[in-house]
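Computed from a prediction, not measured in an experiment: that's the story for all the values here. Lettering follows sequence order; numbering is per chain, from 1.
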Amino acid sequence: MKKNQDKKNRFQLEYLNSPAVDKVGVEERVARFQTRSIKDASKMQGLKMALNMIDLTTLEGKDTHGKVKQMCYKAQHLHDVLPGLPSVAAVCVYPSMVKIAKKEVAGSGVNVASVSTAFPSGQAPLEVKITDTKFAVDEGADEIDMVISRGKFLSGEYNYVFDEIAMIKEACGKARLKVILETGELATLDNVRKASDLAIYAGADFIKTSTGKIQPAATMQVTYTMLMAIKDYYDKTGIMIGMKPAGGISTSKLALHNLVMVKEVLGSAWLTNEWFRFGASSLANDVLMQIMKAETGVYQSSDYFSID
Amino acid sequence: MERLEVLKTYKIYIGGQFPRTESGRYYMPVNKAGKALGNICLSSRKDVRNAVSAARKAFGGWSERTAFNRGQILYRIAEMLEGRRSQFIEELILQGSTKKAAEEEVNLAIDRIVYYAGWCDKYQAIVSSVNPVASSHFNFSVAEPMGVVGVVAPENSSLIGLVSLVLPAICGGNTVVVLAAEHLPLCAVTFAEVVNSSDVPGGVINILTGSNKEMNPTLSTHMDVNALVYGGNDSAALKELQENAVLNVKRVFAYSNNWAKADAQGLHFVSDLQEIKTTWHPIENIGGATSSY
């Protein structure tokens, strides 16, 4: 707790300095990332890189062991017709599915990420959230995707949110912690920036835009704002924080735009799945179809790709 | 003061919208007298790609509509076209028809749409069957639409050729991507405007103008196109379509017809674009009974 207190004190100082976000400026900068001309060879590399950064996700009430097994198989065999493809970075599931997922991806290098803290609403008592997290970690989760208490954040109880993140971080042990801000509920980019700073100082290894249950999700404006928070923190402390846009990124084009943005804001060091992830379910197939289009020269049909 | 005439820009029709071609290119076909017909989009392979995606997206909803509802919507196309008849006649005359031929062509197009509107809730009963089998199964075959159909409209016809090929396809629940006649494109775009105001869901009919030579390869190799219909007379173009179709075993149908003839229509234009699905449904074998279902 002492450690938390120190961090918090530091944050409160930083929080006073949490800069305002120039929305117009953000929009103009983001628009420019989308005009880069990407040549064929670079595009191919970018697409394969994007595949390797995907957290293949299924977070539905109707998830079953069968569905999770099928997704785990897909994570390791994206499109066997085409040799030499990478696997995805991780599979992302509910805590109750961690055990089965862990078994299915064993030895493949694919991580298992579990959402926790009463995902997606986060409306549960702190003890429940900690138990939820410990359960997922004990089942073998390599990464924990927690949600912040947006209600508390929006009513100004920043200390509560900060403490909560710090305690979940403790509960994670060796698992890496991704903190979901659910930017669709934060309303303004100023709030997004404030929440990003808060999460980073509270101990997040990754900050993540959204649960995927709320629209809008990972818009480029929001992702850019969060990248800037990571950049400022890195410039101050030399500590790298990861970024995971999630929700709404379903096309290769958008994925490539995101990669361009990461490269230009944070630099090449972040262009690996250790520091950048896409939370997505349907992105993988679109990227695969683009790669097949480049390989064969003909437009593809989803009939010939696995179900996601 | 004399009114300055501005040549109309004819846009393409994709997913219920009228975008310009993504390539930004256009061409200006002329009639025999040397008069420019309009500014026509010279569509690119990316427009073909967008049109196929739109058609695929629309397929589920369109094929699951009730046959009766599809019939009503097709009938509505005929009504809307009727309301625009003078525009079609003017365009046909501009493209080189005589007034009489133009009027006949528009009349025939309306009649043909009504004809296929009528087939919507009837072809299934004629094409499907209950089959006699020697085991205790109820065995029946029903027709299902093929999916996305690429239509290469005949080169020598502006309206009736296109209508004759598109209507049977959508009558049977398919969605279509149409490459309009390159040098007679006006009625195709005006037809798109008619379709757009006829309760036809966006994406069911997509119409592109431009060079067939450029677009045929993209359309015929596209893995998400399930069948091709060719209405032209160019055997080299047909051969190319057939060879490319092998890639995902598209069905290819080539009809060379004089579409202006009143009888250039029929059930087989609908049933050609249907796949037959046969179901073996186990039934209790009632001892001694001969016909047990």
Side-chain angles (χ1 to χ4, degrees), chain A residues 31-44 46-47 50-51 60 62 74 77-83 85 215 248-257 260 280-308, chain B residues 14-15 22-24 43-61 63 144-150 174-177 179 203 206 208 214-228 240-252 275 277:
Chain A
R32 233 172 301 158
F33 295 128
Q34 301 176 34
T35 61
R36 301 284 182 267
S37 154
I38 303 171
K39 299 300 170 206
D40 286 350
S42 321
K43 187 175 167 192
M44 190 54 134
L47 290 173
L51 273 187
E60 301 290 338
K62 64 181 181 198
K74 175 162 184 166
H77 303 267
L78 281 167
H79 195 54
D80 286 345
V81 176
L82 206 61
L85 287 178
Q215 291 300 324
I249 303 178
S250 54
T251 65
S252 311
K253 202 176 205 176
L254 202 48
L256 289 173
H257 288 161
V260 167
S281 46
S282 53
L283 173 62
N285 271 11
D286 193 69
V287 174
L288 289 170
M289 281 162 74
Q290 290 294 324
I291 292 176
M292 279 300 275
K293 160 74 173 69
E295 293 279 334
T296 62
V298 301
Y299 287 115
Q300 299 294 309
S301 161
S302 60
D303 288 354
Y304 304 93
F305 293 82
S306 58
I307 299 165
D308 44 31
Chain B
I14 300 176
E22 67 75 44
S23 65
S43 307
S44 69
R45 66 179 174 87
K46 289 192 179 176
D47 294 311
V48 176
R49 175 198 65 184
N50 294 346
V52 173
S53 321
R56 172 58 60 195
K57 216 170 147 193
F59 175 67
S63 61
E144 290 186 340
M146 284 183 176
V148 176
V149 176
N174 299 287
T175 55
V176 294
V177 174
L179 309 186
N206 304 277
L208 303 176
E214 185 186 346
M215 291 187 290
N216 280 358
T218 313
L219 186 69
S220 55
T221 56
H222 200 307
M223 299 290 281
D224 218 12
V225 173
N226 304 101
L228 294 170
E240 188 195 15
L241 293 179
Q242 286 168 327
E243 283 172 357
N244 287 340
V246 169
L247 205 56
N248 65 334
V249 211
K250 290 176 190 68
R251 310 253 184 196
V252 183
E275 296 287 359
K277 181 174 82 180

Residue part contacting chain A, namely of Asn248(B), when any heavy atom lies under 4.5 Å: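 Both the backbone and the side chain of Asn248(B) come within 4.5 Å of chain A.
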
Pairwise side-chain contact, Val148(B) with Asp224(B), heavy-atom cut-off 4.5 Å (strictly under):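 Not touching, per the 4.5 Å side-chain cut-off.
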
For Lys46(B), all residues meeting salt bridge (charged side-chain N to carboxylate O under 4.0 Å, His left out), sequence neighbours excluded: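 Testing Lys46(B) for salt bridge (charged side-chain N to carboxylate O under 4.0 Å, His left out), a comparison that skips the adjacent residues, returns none.
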
Counterpart residues, salt bridge (charged side-chain N to carboxylate O under 4.0 Å, His left out), relative to Glu22(B) (two or more places apart): none

Residue list, ring pair (Phe, Tyr, Trp, His ring centres under 6.0 Å) with Phe305(A), at least two apart or on another chain: His79(A)

Backbone N/O of His222(B) and side chain of Lys250(B): donor-acceptor pair under 3.5 Å: yes

For chain B, which residues of residues 286-301 of chain A have heavy atoms nearer than 4.5 angstrom: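 So far as heavy atoms go, Lys293(A), Val298(A), Tyr299(A), Gln300(A), Ser301(A) are the residues that approach chain B to under 4.5 Å.
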
Minimum heavy-atom distance between Leu283(A) and Ala255(A), given as atom pair plus value: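 It is CD1-CB, 4.0 Å.
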
